[in-house]
Protein chains: 2
Amino acid sequence: MIVQLDLETDEPIYVQLKHQIIEGIAKKQLRPGDPLPSVRSMASDIGINLHTVNKAYQQLKQEGYILIHRQKGVVIQPDGVPEADEAYKDDLFKKLRPFIADAVCRQIDEDEFIKCCSNIFAEFNQEEGEL
Amino acid sequence: MIVQLDLETDEPIYVQLKHQIIEGIAKKQLRPGDPLPSVRSMASDIGINLHTVNKAYQQLKQEGYILIHRQKGVVIQPDGVPEADEAYKDDLFKKLRPFIADAVCRQIDEDEFIKCCSNIFAEFNQEEGEL
DNA sequence: TAACTGTTATATACTTAATATAACAGTTAG
DNA sequence: CTAACTGTTATATTAAGTATATAACAGTTA
């Protein structure tokens with residue numbers, strides 16, 4: 001698990017860490033049951049504070065991505081990430097709207113937007129963990 | 001221009017205001033050259049501080065959505081919002097990735113995601129300002 | 001026993017968000 | 001001319017979020 005942080009961006013470190021782990025799961029580089037480094041070793045690996053890692057892990061746990069056993073360590077959710085329910089989809093809908101409104105104003109039509117999304121999907125589906 | 005704020009969410013007020021104006025432009029309820037309320041009247045209309053409105057306006061100006069004349073007031077960009085360039089598209093790509101990674105993990109396939117996006121596009125294209 | 005786990009607590013520094021007043025300079029209407 | 005309005009700037013305060021630094025606790029595990 002290679003983590004690459006950008007300290008220049010305004011995106012909080014713990015959010016970047018969450019995203020990279022979620023992307024790792026989406027790309028199947030991280031599979032159900034796979035272990036994650038402890039909060040302390042992850043923190044020292046990427047040069048940040050233990051609590052910043054802990055914050056990311058706690059939220060990932062809350063969202064169903066990982067399990068945290070008190071002494072066994074941290075693992076990717078063995079039963080797989082919970083499927084999207086209606087609440088999740090409503091939330092996704094709400095979050096996507098500003099992006100699409102923005103795109104519409106700037107003359108990006110539906111086809112182009114969809115194409116962009118397809119490219120991202122391809123990124124997650126093509127390489128089945130072979131990277 | 002009706003503005004509806006949610007003070008419970010963690011989304012900053014000035015961001016919500018920006019989004020609603022951008023959505024208004026996307027829906028063509030706000031057209032090039034249309035006036036926007038002054039920072040003071042907008043602020044008192046929706047019950048927030050003058051500076052919060054000013055922050056939203058300044059960023060909208062910076063992003064090419066509106067023009068601010070020192071004494072003439074605030075208007076939607078008369079020449080239309082600048083079209084998306086490559087930098088904008090790269091940025092959109094980067095921002096969309098976490099959402100799609102998340103969706104992939106939760107078994108939302110490409111078709112379903114695209115359908116969701118299409119629904120949002122429809123929301124902006126159907127009603128050509130007739131609302 | 002020593003080294004490791006997640007967890008909790010406290011404290012500090014910095015940044016952002018939002019508010020409150022106040023003032024300035026340039027229109028514009030009465 | 002005055003009064004009311006414009007955007008803009010300045011200063012200050014409160015609150016919340018981000019990130020860090022130490023320290024300790026309780027339960028494995030080698």
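Hydrogens, waters and symmetry mates are skipped; everything else that's a heavy atom, side chains included, is used. Order of the sequence lines sets the chain letters (A, B, ...), proteins ahead of strands, with each chain counted from 1.
A:Y65 and B:D102 form a side-chain donor-acceptor contact under 3.5 Å, judged by distance and modelled atom types alone.
A:F124 and B:F93 fall within a single hydrophobic cluster, where Ile, Leu, Val, Met, Phe, Trp and Tyr are joined by side-chain heavy atoms under 4.5 Å apart, directly or via other members.
Of the possible polar contacts, one joining the B:R106 side chain to the A:P82 backbone as a donor-acceptor pair under 3.5 Å is found.
Rounded to whole Å, the distance from CG on B:D10 to P on D:dA16 is 14 Å. With rounding to whole Å, B:I13 atom CD1 is found 7 Å from C:dA18 atom C1'. Distance CG (B:N49) to P (D:dA12): 17 Å, rounded to an integer number of Å. Between B:E11 atom CD and C:dA17 atom P there is a gap of 11 Å when expressed in whole angstrom units. As a whole-Å value, the separation of A:L17 CG from D:dA19 C1' is 13 Å. B:I48 places its CD1 atom 11 Å from the C1' atom of C:dA17, with the value rounded to the nearest Å.
Across all strands shown, D:dC25 pairs with C:dG6; the Watson-Crick or G-U wobble distances both stay below 3.5 Å. Shown here, C:dG30 forms a base pair with D:dC1; the pair counts as Watson-Crick or G-U wobble because both key distances fall under 3.5 Å. Across all strands shown, D:dA30 forms a Watson-Crick or G-U wobble pair with C:dT1, both key distances being under 3.5 Å.
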Check: Using a cut-off of 4.0 Å between protein heavy atoms and nucleotide atoms, how would you tag nucleotides 5-10 of chain C 5' to 3' with B, S and -?
Finding: BBBBB-
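Contact check for A:Q58 versus A:Q62: no side-chain heavy atoms found under the 4.5 Å cut-off.
Dashed line: the shortest gap from a side-chain N or O of A:K55 to OP1 or OP2 of D:dA19 is not under 4.0 Å. Between A:Y14 and D:dT18 there is a side-chain N or O to OP1 or OP2 distance below 4.0 Å. Within the structure, a side-chain polar atom (N or O) of A:T52 is placed less than 4.0 Å from OP1 or OP2 of D:dT20.
Minimum interatomic distance between B:P98 and A:E23 (heavy atoms only, all atoms of both residues): N-OE2, 4.5 Å. Scanning both residues, B:A26 and A:C105, for their nearest heavy atoms gives N-SG, 3.6 Å.
Atom CD of B:E11 and atom CG of B:L17 lie 11.5 Å apart (nearest 0.5 Å).
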